[in-house]
Amino acid sequence: MLNVLNSIKKIAVISLLIGAQNALAWNVQQDDLVTWLNQLSPKPSVYQEMQKFFIKQGNSSAASQQYTTAFIQQIHKELSTSAFQVYQNSLNPNLKCKNRSDVDFPEKMTANKLGAEFESEALRIETMDCLGKLDHHKVFQTFLSDGFQLNSVTGLKKIKSNQSVNQICQVTDVFPVGKSSYCFTQNIWADESTYVIQSFNENNEAGVEAPVYFREVFTIIKKMHNGEVFIYNLAVGRGPDLPLHFVVKSTVKSEQAKAIEALREASSN
């Protein structure tokens, strides 16, 4: 039982954070946020990786392909809308940061019965953490550093970055589920007080034991008018089936709290 709980903890916390190397060398966009959000679009491989779930189930029909397309587009719209609303709210000079953590398996994310099995194991994470009066540039750099990611994410074994194209590849190994090896491109937008980071899972290494069929993440690091910094994270992911959903939800929250405290401490030095 202990091994199962530890494995659940490792799998769940991997969904919380996105890894990178020295972010200063990356392509950071600084045009209008709405324009940037509208330009975000999943690559063909994003659809191909999710479709592998249905192929594994013996269903490569046109209907499953249509569902895959509809699901990815719906989730992207919902997440980008939520992220933009958080950014808009943060512009309020009277805003006071409030910590919150919502972790759930929504189970029914669309009205399409074809996706019932896929959606039943999709994990949604939405967190807001108040970090205090820190340098938001340092928070950003710390959060996207290899060292912080490797020290904070249990099960994360390796990070490889290709900064010229903003692509990150991670290797995880979680007993008894097995090895995952996947890549994603981090899209980064910034203004004088904000960083917005978005990514889709784009591909899995061939033959991995625990593929990531779908993952989209939005992260906002924001310095508010009162000088306090918050980090907002919104993610939807679907990998291997996870037992004991109620344990997953509680361990995600506890591991998130530990990671945030580590981020706060590292960004204060």
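This chain uses plain numbering: 1 for the first residue, then up along the sequence. Since the model is a prediction, treat every value here as computed from it, not as a measurement.
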Query - Worked check of side chain to side chain contact (heavy atoms under 4.5 Å, CB included) between Q170 and K158 - result: CA-CA 6 Å; Q170 298 183 343; K158 184 179 179 181; over 6 Å; no
Distance-minimising heavy-atom pair for [X] and [Y]:
X    : Y    : result
L40  : H76  : O-NE2, 3.5 Å
S181 : V171 : OG-CG2, 3.7 Å
P211 : N204 : CA-OD1, 3.6 Å
S120 : H245 : O-CE1, 3.4 Å
T172 : Y182 : CG2-OH, 4.2 Å
I159 : D146 : CG2-OD1, 3.4 Å

Query - Donor-acceptor pair between Q51 and T68 side chains, under 3.5 angstrom - result: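 Yes - a donor-acceptor pair under 3.5 Å links their side chains.
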Query raised in the report: Just checking, is any N or O donor in the side chain of K222 or T194 under 3.5 Å from an acceptor N or O on the other one?
Result: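 Indeed, the side chains of K222 and T194 share at least one donor-acceptor pair under 3.5 Å.
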What's the separation between atom [atom1] in [X] and atom [atom2] in [Y], rounded to the nearest 0.5 Å?
X    : Y    : atom1 : atom2 : result
T142 : L263 : OG1   : CG    : 6.5 Å
S80  : K77  : OG    : NZ    : 8.5 Å
F71  : M50  : CZ    : CE    : 5.0 Å
Q29  : N166 : CD    : CG    : 8.5 Å
C169 : K160 : SG    : NZ    : 7.0 Å
Q141 : I221 : CD    : CD1   : 10.0 Å

Query raised in the report: Can Q256 and I125 be said to form a side chain to side chain contact (heavy atoms under 4.5 Å, CB included), step by step?
Result: CA-CA 10 Å; Q256 172 75 356; I125 302 170; over 6 Å; no
Test: salt bridge (charged side-chain N to carboxylate O under 4.0 Å, His left out). Region: [range]. Which pairs qualify, not counting sequence neighbours?
range            : result
residues 227-238 : R238-D241
residues 127-136 : none
residues 193-205 : K43-E202, K179-E205

Can a donor-acceptor pair be found, under 3.5 Å and without considering hydrogens, that links the side chain of [X] to the backbone of [Y]?
X    : Y    : answer
H225 : L91  : yes
S250 : V247 : yes
Q65  : S60  : yes
T35  : D31  : no
S101 : T127 : no
N59  : I55  : no

Check salt bridge (Lys or Arg N to Asp or Glu O under 4.0 Å) between [X] and all other residues, then give those that pass, not counting sequence neighbours.
X    : value
D102 : R100
K52  : E49
E261 : R264

Partner residues of [X] under the side chain to side chain contact (heavy atoms under 4.5 Å, CB included) criterion, sequence neighbours left out:
X    : result
Q48  : P44, S45
A63  : S61, L114
A257 : none

Applying a strict under-4.5 Å side-chain criterion to I, L, V, M, F, W and Y, I'd like to know whether [X] and [Y] cluster together.
X    : Y    : value
Y213 : L123 : no
V212 : Y47  : no
M128 : L131 : no
L95  : V86  : yes

Report task. Begin from the C-alpha positions of S199 and T185 and carry the test side chain to side chain contact (heavy atoms under 4.5 Å, CB included) through to its verdict. Result -> CA-CA 6 Å; S199 66; T185 298; over 6 Å; no
Report task. Test N233 against T219 for side-chain hydrogen bond (donor to acceptor under 3.5 Å, both in side chains), laying out the working first. Result -> CA-CA 4 Å; N233 194 66; T219 301; 2.8 Å; yes
Would a 4.5 Å heavy-atom cut-off, applied to side chains only, mark [X] and [Y] as touching?
X    : Y    : answer
L33  : Y87  : yes
I197 : N187 : no
Q186 : L144 : yes
V217 : L234 : no
F84  : L37  : yes
W189 : Q198 : no
N27  : I188 : no
V229 : H136 : yes

Query - Quiz item: cation-pi between R215 and F200, 6.0 Å / 45° - result: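 Here R215 fails the 6.0 Å and 45° test against F200.
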Report task. Scan for disulfide bond (SG atoms under 2.5 Å apart) pairs involving residues 91-143, sequence neighbours excluded, and state none if there are none. Result ->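 For residues 91-143: C97-C130.
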Query raised in the report: Under 6.0 Å between ring centres, would you say that holds for Y67 and F54?
Result: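 For Y67 and F54, the ring centres are under 6.0 Å apart.
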Query raised in the report: Can we call the ring centroids of F214 and F53 under 6.0 Å apart?
Result: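 No - the distance between ring centres of F214 and F53 does not fall below the 6.0 Å cut-off.
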Query raised in the report: Checking side chain to side chain contact (heavy atoms under 4.5 Å, CB included) for the pair V196/Y232: CA distance, chi angles, key distance, verdict?
Result: CA-CA 9 Å; V196 181; Y232 170 80; over 6 Å; no
Query raised in the report: According to the interplanar angle, ranging from 0 to 90°, do the rings of F140 and Y195 count as parallel (below 30°), tilted (30 to 60°) or perpendicular (above 60°)?
Result: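 The arrangement is parallel - the two ring planes meet at less than 30°.
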Contacts under 3.5 angstrom, residues 103-111 side chains, donor-acceptor by atom type, not counting sequence neighbours:
{"residue": "T110", "atom": "OG1", "partner": "N112", "partner atom": "N", "Å": "3.2"}
{"residue": "T110", "atom": "OG1", "partner": "E119", "partner atom": "OE2", "Å": "2.6"}

Query raised in the report: Thinking salt bridges, do R124 and E126 make one under a 4.0 Å N-O criterion?
Result: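 Between E126 and R124 there is a salt bridge, with a charged N closer than 4.0 Å to a carboxylate O.
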Query raised in the report: In chain order, what residues pass the ring-ring contact (aromatic ring centres under 6.0 Å, His included) check against F218, with sequence neighbours excluded?
Result: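 Scan of F218 (ring-ring contact (aromatic ring centres under 6.0 Å, His included), adjacent residues dropped) gives none.
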